[in-house]
Protein chains: 2
Amino acid sequence: MSCQEIEKVSLVKAKMKSDQCFQDLSETFKALSDPTRTKIIYALYLEEELCVGDIAAIIGTSDSVISHQLRTLRNMKLVRYHKAGKVAFYSLDDVHINNLFAEGLRHVEEM
Amino acid sequence: MSCQEIEKVSLVKAKMKSDQCFQDLSETFKALSDPTRTKIIYALYLEEELCVGDIAAIIGTSDSVISHQLRTLRNMKLVRYHKAGKVAFYSLDDVHINNLFAEGLRHVEEM
DNA sequence: TAAATGTTTGAATAATTGTTCATATTTGCA
DNA sequence: TGCAAATATGAACAATTATTCAAACATTTA
């Protein structure tokens, strides 16, 4: 275990967050780390509310893929949904996700 | 292929970004989707510049783990480095990453 | 030159994950 | 009741990935 600047190390070490915090943080980012999921989020970012079949039609994949990924996004609390008859309408869960996504989009578009 | 609201679908479809865009977007988020990497980024977010051994000491893992992940972060253009003798000093590459990370941190801390 | 230090690299392993395909579930309608 | 539509689910497969360990590389110093 090498160490160049022991003061720097203990300073940063003292300010470190909990493992749980980094776990949550990385999981939030992980939710947006798949192209299919970013497409879904972007679609819901443009249109308040969409059902599974419509998202599949927009993105051009099977309903099954979308349903699986929506479940992931639901578990990660990025989207919520309500059912009307046999149709399930999904929307973004929370404003922070909106900001986070927009920030990522800005970053990519300035690349 | 079911479709509830064909106008919505074509509207969103027309505004869709390129596959490349979503690829880049998801890869940016993927860079931050691992706890070890978020720890590294957070350390460099607190301290402008750190060397491999010091990051390892801060996080409490082997130099090898840090070096591997720093390579990933380097490939993804999130960090840059310069060598002084045998010591390699790393820092965050770009301001957008700073914003993106801060936004994620804000989100997690309000959970 | 030889030893020590800081970092990198490669192979191997275990674990996670996205998609596919088939099947189930639920609701609406004939 | 029976059938179609919308969504969800589970198992299986291939692909990716984080970590470990050992070894290599480069640089400094004795």
Side-chain angles (χ1 to χ4, degrees), chain A residues 1-6 8-9 19 22-23 25-27 29-41 44 49-76 78-91, chain B residues 1-6 8-9 19 22-23 25-27 29-41 44 49-76 78-91:
Chain A
M1 191 81 79
S2 57
C3 184
Q4 293 300 311
E5 308 192 54
I6 195 144
K8 264 195 184 185
V9 170
D19 275 10
F22 289 111
Q23 194 63 42
L25 193 50
S26 59
E27 270 171 20
F29 286 117
K30 182 179 277 180
L32 298 163
S33 73
D34 173 79
T36 303
R37 286 199 295 273
T38 55
K39 285 176 189 175
I40 294 175
I41 297 292
L44 293 172
E49 198 172 73
L50 289 166
C51 68
V52 178
D54 283 3
I55 297 175
I58 288 165
I59 296 180
T61 56
S62 69
D63 292 349
S64 182
V65 162
I66 300 300
S67 187
H68 274 295
Q69 294 294 15
L70 280 172
R71 172 142 84 140
T72 303
L73 290 169
R74 230 163 52 217
N75 289 341
M76 289 168 163
L78 295 197
V79 303
R80 63 187 143 77
Y81 79 118
H82 68 97
K83 268 198 145 177
K86 36 181 181 176
V87 183
F89 290 100
Y90 282 82
S91 51
Chain B
M1 191 82 76
S2 57
C3 184
Q4 293 301 310
E5 308 191 54
I6 194 143
K8 263 196 184 184
V9 169
D19 275 10
F22 289 112
Q23 194 63 42
L25 193 51
S26 60
E27 270 171 20
F29 285 117
K30 181 178 278 180
L32 297 163
S33 73
D34 173 80
T36 303
R37 287 198 294 271
T38 56
K39 286 177 189 174
I40 294 174
I41 297 291
L44 293 172
E49 197 171 72
L50 289 166
C51 68
V52 178
D54 283 3
I55 297 175
I58 288 165
I59 295 180
T61 56
S62 69
D63 293 349
S64 181
V65 162
I66 300 301
S67 187
H68 274 296
Q69 294 294 15
L70 280 172
R71 173 142 84 140
T72 303
L73 289 170
R74 230 163 51 216
N75 289 340
M76 289 166 163
L78 294 197
V79 302
R80 63 187 142 78
Y81 80 119
H82 66 98
K83 268 196 146 177
K86 37 184 181 176
V87 184
F89 290 101
Y90 281 83
S91 51

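The chains referred to below are lettered A, B, ... by the order of the sequence lines, with proteins before strands, and numbering in each begins at 1.
- A side-chain donor-acceptor contact under 3.5 Å links A:R37 to the backbone of A:K30.
- For A:Q69, whose side chain is taken as the heavy atoms from C-beta onward, the closest listed nucleotide among C:dT8, D:dA8, C:dG18 is C:dG18.
- When all heavy atoms are compared, the tightest approach of A:A57 to B:V9 is CB-CG1, 4.1 Å.
- In this structure, B:I55 places its CD1 atom 9 Å from P of C:dT7, rounding to the nearest Å.
- Rounded to whole Å, atom C1' of D:dA18 lies 12 Å from atom CD1 of B:I66.
- Straight-line distance from the NE2 atom of B:H82 to the C1' atom of C:dG6: 15 Å, rounded to whole Å.
- Here the side chain of B:D54 pairs a donor or acceptor atom with the backbone of A:E5 at under 3.5 angstrom.
- Listed nucleotides: C:dT8, D:dA8, C:dG6. Nearest to the side chain of B:V87: C:dG6.
- Near DNA chain D, meaning a heavy atom under 4.0 Å from it, residues 30-38 of chain A has no residue at all.
- The cationic atom of B:R80 (NZ for Lys, CZ for Arg) does not lie both less than 6.0 Å from the six-membered ring centre of B:Y90 and within 45° of the ring axis.
- Between C:dG6 and B:Y81, no contact under 4.0 Å exists linking OP1 or OP2 to a side-chain N or O.
- Look at A:Y90 and you won't find any side-chain N or O under 4.0 angstrom from OP1 or OP2 of D:dA6.
- Shown are B:T61, B:T72, B:I55; of these, the side-chain contact (heavy atoms from CB on, under 4.5 Å) with B:I40 is made only by B:I55.
- Bending across the helix from C:dT1-D:dA30 to C:dA30-D:dT1, expressed as the angle between its end axes from five pairs apiece, amounts to 10° (10° rounding).
- A straight line from CZ of A:R71 to C1' of D:dT7 spans 12 Å, rounded to a whole angstrom.
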Which protein N or O atoms sit under 3.5 Å from an N or O of nucleotides 21-30 of chain D?
{"unit_1": "D:dC21", "atom_1": "N4", "unit_2": "B:S64", "atom_2": "OG", "d": "2.8"}

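- Note: CG (B:D63) to C1' (D:dT19) measures 14 Å, nearest angstrom.
- The pair A:K39-B:D19 meets the salt-bridge criterion, with a side-chain N (NZ, NE, NH1 or NH2) lying under 4.0 Å from an Asp/Glu carboxylate O.
- Heavy atoms only, all atoms of each residue included: A:T38 and B:F22 are closest at OG1-CD2, 3.6 Å.
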